[in-house]
Protein chains: 2
Amino acid sequence: MDNLPSIFGQHDLFDLEDLPEASDDFSRFLFNVRDRFGVDDIAYAGMNPVNGSIFGHVTYNDDWKAHYASQGYHKIDPTLHKARRSIAPVDWARLDRDSNFLMVFDDARDFGIRDQGLTIPVRGPYGDVGGLSVTSSLSQKEWNKLKGEVLVGLQSVAVHVHDMVIRSDNLSNLLRTPTLSHRELEALQWTSAGKSQQDIADILSISNRTVEVHLRSARHKLYALTTAQAVGRAISMGLIYPG
Amino acid sequence: MDNLPSIFGQHDLFDLEDLPEASDDFSRFLFNVRDRFGVDDIAYAGMNPVNGSIFGHVTYNDDWKAHYASQGYHKIDPTLHKARRSIAPVDWARLDRDSNFLMVFDDARDFGIRDQGLTIPVRGPYGDVGGLSVTSSLSQKEWNKLKGEVLVGLQSVAVHVHDMVIRSDNLSNLLRTPTLSHRELEALQWTSAGKSQQDIADILSISNRTVEVHLRSARHKLYALTTAQAVGRAISMGLIYPG
DNA sequence: GGCGCTATTGGGGAAAACCCGTAGTTGAAT
DNA sequence: ATTCAACTACGGGTTTTCCCCAATAGCGCC
């Protein structure tokens, strides 16, 4: 927690020392960012890779927040969907106007929210993913200009917000200790290389039952239902490498 | 397999400049960025888990590049190691001056490279990790000032470079990859989400035997011996996403 | 029309994985 | 000194996957 703030010094617009400690203050921080960048609304959504749940802080009005949640739009929101698969910022103008897009944004319009915006994905080392979105109701020309001006700054804000949220999120704390033992990692690694439990037992010169125990333990630690899921999760978290 | 795995695994380091295509563009781009931001050197290192290869692209002089590679410093480089575990930019000033640090930077000094710099981690959705580092030989006071000014911009550059590298690498891999059918991808995707064949059969409203056929076909196309391996491979290739 | 490819649906049986335990040893930490 | 996590191993029983086989339907292509 203390090894981050000073890196940004005093010159930076968004010094981490200004970042709120309590999660209740995240919204206020976002309002602050919104005003500084001159956008309509700003929203952060963090995705927990364990159960796929999404949590976030937004400056949207309460009506839209409630509607969005009640409709389960986080499951189909194309901006989140694309951000989850992208490295670079996602310009909503480049998204397909497919059925999911229309379903979300047709409703959004009724709540005063336009389909003009950006989503910036950010990832941490534990498979944690987040996205910072901004919306604007400027004219297209003005928005394009503003977009270029704020993009770089928003990138930085996104990283800082995600960092803070993940650090204060209890669920993610479980993931932040992916202390897979050496044997568990070995077993997973060989499984990812296509070896059976018996193969691995021979390779490691241990019993196949022991290999099974290690894989079972790895599944539990990664909250995975199957070994295949554990392998995928471990790869996406950088714990092992594809074989 | 080490107790403390090397940063990018057991793989060899190789230089983007050794690659025929686009290397000139990357090189020019980095030199360009270096001059624009007023730093001494810029280095990008990234790993694509598709083949576990490491991509490096730097503005360091050839002597240091050769020395760094020949000593295998990418395995112990503390700047990479810390960046691998961090979301936010890593200030080298805050790193422990441990044995690994001294081993790398004592040598670096002989090649005119200071232990004053920043490393910005970047992550993509497939477990791919990269880091953009900059060095400076300014006075500490001047460097602290410059650091605050360039940090936000470098964040953006880092994302951009990583995106370009991974994208081109994924693309080249995709060209050699047999295309999986829609059903095969669906089956793999749900398997990655921890579902059994019967679960998937229910979800897709097809027979569990059909699901099995799709998974088998996917395994063959991916040259995978087990479904777990196929899942890992598909994730690392970007065909599916971790569930 | 034939040809090749893919998606779909099965059966039977072998192999592997998985779940529920118990239990001894080691080494590190409190 | 005791707790605790990791590693090791085994048993019995269940579930799932995997591999052999065959078959129908749809699709574009020459």
Side-chain angles (χ1 to χ4, degrees), chain A residues 50 126 173-235 237 239-240 242-243, chain B residues 1-5 174-235 239-240 243:
Chain A
V50 169
Y126 312 107
N173 274 341
L174 294 175
L175 270 186
R176 292 183 55 197
T177 53
T179 50
L180 294 197
S181 73
H182 187 213
R183 283 307 212 194
E184 287 157 355
L185 286 177
E186 276 184 316
L188 270 188
Q189 181 68 74
W190 282 115
T191 300
S192 163
K195 303 298 183 184
S196 71
Q197 293 183 359
Q198 187 56 56
D199 291 339
I200 301 172
D202 296 338
I203 291 170
L204 301 180
S205 299
I206 57 179
S207 160
N208 60 332
R209 320 305 298 268
T210 306
V211 173
E212 193 221 321
V213 169
H214 289 315
L215 287 176
R216 188 191 311 167
S217 176
R219 285 198 301 273
H220 289 158
K221 286 182 179 179
L222 294 170
Y223 304 95
L225 295 170
T226 64
T227 300
Q229 187 181 23
V231 166
R233 192 160 277 171
I235 288 175
M237 294 169 77
L239 299 174
I240 63 171
Chain B
M1 208 169 282
D2 306 343
N3 192 13
L4 185 63
L174 219 54
L175 293 177
R176 309 183 217 116
T177 305
T179 44
L180 298 194
S181 76
H182 185 233
R183 284 305 211 193
E184 287 156 356
L185 287 177
E186 275 184 313
L188 270 188
Q189 182 67 76
W190 284 113
T191 301
S192 163
K195 303 298 184 186
S196 72
Q197 293 183 2
Q198 186 57 57
D199 292 337
I200 301 170
D202 296 338
I203 291 170
L204 300 181
S205 299
I206 57 179
S207 159
N208 61 328
R209 320 308 298 268
T210 307
V211 174
E212 195 234 313
V213 171
H214 290 316
L215 286 176
R216 185 195 313 164
S217 176
R219 285 197 300 274
H220 289 157
K221 287 182 178 177
L222 292 170
Y223 303 100
L225 295 170
T226 65
T227 300
Q229 186 180 24
V231 165
R233 202 160 270 176
I235 287 176
L239 299 174
I240 63 171

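Here the structure is a predicted model, which means the values were calculated and not measured. No hydrogens, no waters, no symmetry mates; every other heavy atom, side chains included, goes into these values. Naming: A, B, ... by sequence-line order, numbering from 1 per chain.
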Exercise. Summarise how protein sits on nucleotides 10-20 of chain C as a single string, 5' to 3': B when a protein heavy atom is under 4.0 Å from the base, S for sugar-phosphate-only contact, - for no contact.
Key: BBB----SBBB
Quiz item: In the 5'-to-3' direction, what one-character label does each nucleotide of nucleotides 23-30 of chain C receive under the scheme B = base within less than 4.0 Å of a protein heavy atom, S = sugar-phosphate only, - = no such atom?
Solution: --------
Given side chains that start at C-beta, do those of [X] and [Y] come closer than 4.5 Å, heavy atoms only?
| X | Y | value |
| --- | --- | --- |
| A:Arg183 | A:Ile206 | yes |
| A:Trp190 | A:Leu204 | yes |
| B:Asp199 | B:Val211 | no |

Would you mind reading off the distance between [X] atom [atom1] and [N] atom [atom2], rounded to a whole angstrom?
| X | N | atom1 | atom2 | result |
| --- | --- | --- | --- | --- |
| A:Leu185 | D:dA6 | CG | C1' | 13 Å |
| B:Ile200 | D:dT17 | CD1 | P | 8 Å |
| A:His182 | D:dA6 | NE2 | C1' | 13 Å |
| A:Leu204 | D:dA9 | CG | P | 10 Å |

Exercise. Check every strand shown and say whether B:Glu186 touches a base, only sugar-phosphate, or nothing at a heavy-atom separation below 4.0 Å.
Key: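 Nothing, no nucleic acid heavy atom in range.
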Quiz prompt | Residue pair A:Ala230 / A:Arg219: nearest heavy atoms and the distance that separates them | solution =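 Residues A:Ala230 and A:Arg219, closest heavy atoms: CB-CG, 4.2 Å.
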Self-check item: Nearest atoms (heavy-atom pairs only) where B:Ile240 meets B:Ser192
Solution: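 Taking every non-hydrogen atom into account, CD1-CB, 3.9 Å.
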Quiz item: Does A:Thr191 reach the main-chain N or O of A:Ala187 with its side chain, forming a donor-acceptor pair under 3.5 Å?
Solution: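 Answer holds: yes.
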Quiz item: So which of A:His220, A:His214, A:Lys221 actually passes side chain to side chain donor-acceptor pair (under 3.5 Å) with A:Glu184?
Solution: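 Exactly one option meets the side chain to side chain donor-acceptor pair (under 3.5 Å) with A:Glu184, and it is A:Lys221.
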Practice problem: State which residues pass side-chain contact (heavy atoms from CB on, under 4.5 Å) with A:Asp202; sequence neighbours excluded, sorted by chain then number. | Solution: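 A:Gln198.
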